[in-house]
Amino acid sequence: MGEDFARDVDKRDNRRLFITHTLTDKAFADAHFIRSEIEKLVAVDEILVTTAGETIARHCGTETVGMLYLIK
């Protein structure tokens, strides 16, 4: 996930980044850790930490964390 984010540096839209998690304690902690690491490395206007829905949790696992961003 981090490698993809870094690879897209020249074409990534840094206005908004979503970090989503499935609301378990571990996924919540991981999402906030990722946020803090990104804030140290990249200037993103807005980072939103959100909760993934039940469908994501069922298909991807209960400790899922994901990043969503736009490509220019």
Side-chain angles (χ1 to χ4, degrees):
M1 188 168 47
E3 290 174 4
D4 290 341
F5 186 74
R7 184 190 66 233
D8 291 337
V9 66
D10 292 330
K11 54 187 175 179
R12 187 178 58 232
D13 182 341
N14 286 328
R15 290 179 292 173
R16 185 168 296 125
L17 167 69
F18 290 87
I19 301 170
T20 190
H21 61 87
T22 53
L23 206 55
T24 63
D25 290 341
K26 182 177 181 336
F28 178 87
D30 289 348
H32 285 277
F33 173 77
I34 292 167
R35 178 185 181 151
S36 68
E37 292 300 303
I38 288 172
E39 288 174 331
K40 293 176 192 175
L41 300 172
V42 180
V44 177
D45 296 342
E46 183 177 28
I47 299 176
L48 300 165
V49 178
T50 62
T51 305
E54 183 178 325
T55 302
I56 297 296
R58 285 192 186 275
H59 290 281
C60 298
T62 58
E63 294 183 351
T64 297
V65 177
M67 288 180 13
L68 301 97
Y69 54 91
L70 294 174
I71 298 295
K72 298 178 193 174

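Values reported hereafter were calculated over all heavy atoms of this structure, with side chains retained and with hydrogens, waters and symmetry mates removed. Since this is a predicted model, take the numbers as computed values, not measurements.
Taken to the nearest 0.5 Å, the CG atom of Leu23 stands 14.0 Å off from the CD1 atom of Ile56. Distance check: His32 NE2 to Asp30 CG gives 10.5 Å after rounding to the nearest 0.5 Å. With rounding to the nearest 0.5 Å, the separation of CG in Leu17 from CZ in Phe5 is 5.0 Å. Between atom CG of residue Asp8 and atom CG of residue Leu70 there is a gap of 11.5 Å, rounded to the nearest 0.5 Å. Atom CD1 of residue Ile19 and atom CZ of residue Phe33 lie 11.0 Å apart, to the nearest 0.5 angstrom. Distance check, rounded to the nearest 0.5 Å: NZ of Lys11 to CD1 of Ile71 gives 5.5 Å.
Shown here for Ala52 and Thr22, the closest heavy-atom pair between the two residues is CB-CG2, 4.2 Å. When all heavy atoms of Thr64 and Ala27 are compared, the pair lying nearest together is O-CB, 3.8 Å.
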Q. Taking it one step at a time, do Met67 and Asp4 satisfy side-chain contact (heavy atoms from CB on, under 4.5 Å)?
A. CA-CA 10 Å; Met67 288 180 13; Asp4 290 341; over 6 Å; no

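Clustering of Ile, Leu, Val, Met, Phe, Trp and Tyr side chains at separations under 4.5 Å places Phe18 together with Leu48, Leu68.
The pair Glu3-Arg7 does not count as a salt bridge, with every side-chain nitrogen at least 4.0 angstrom from each carboxylate oxygen.
Note: the hydrophobic cluster containing Ile34 does not contain Phe28 (ILVMFWY, side chain heavy atoms under 4.5 Å, direct or indirect links). Residues Met1 and Leu41 fall within the same hydrophobic cluster, defined by Ile, Leu, Val, Met, Phe, Trp and Tyr side chains chained together at heavy-atom separations under 4.5 Å.
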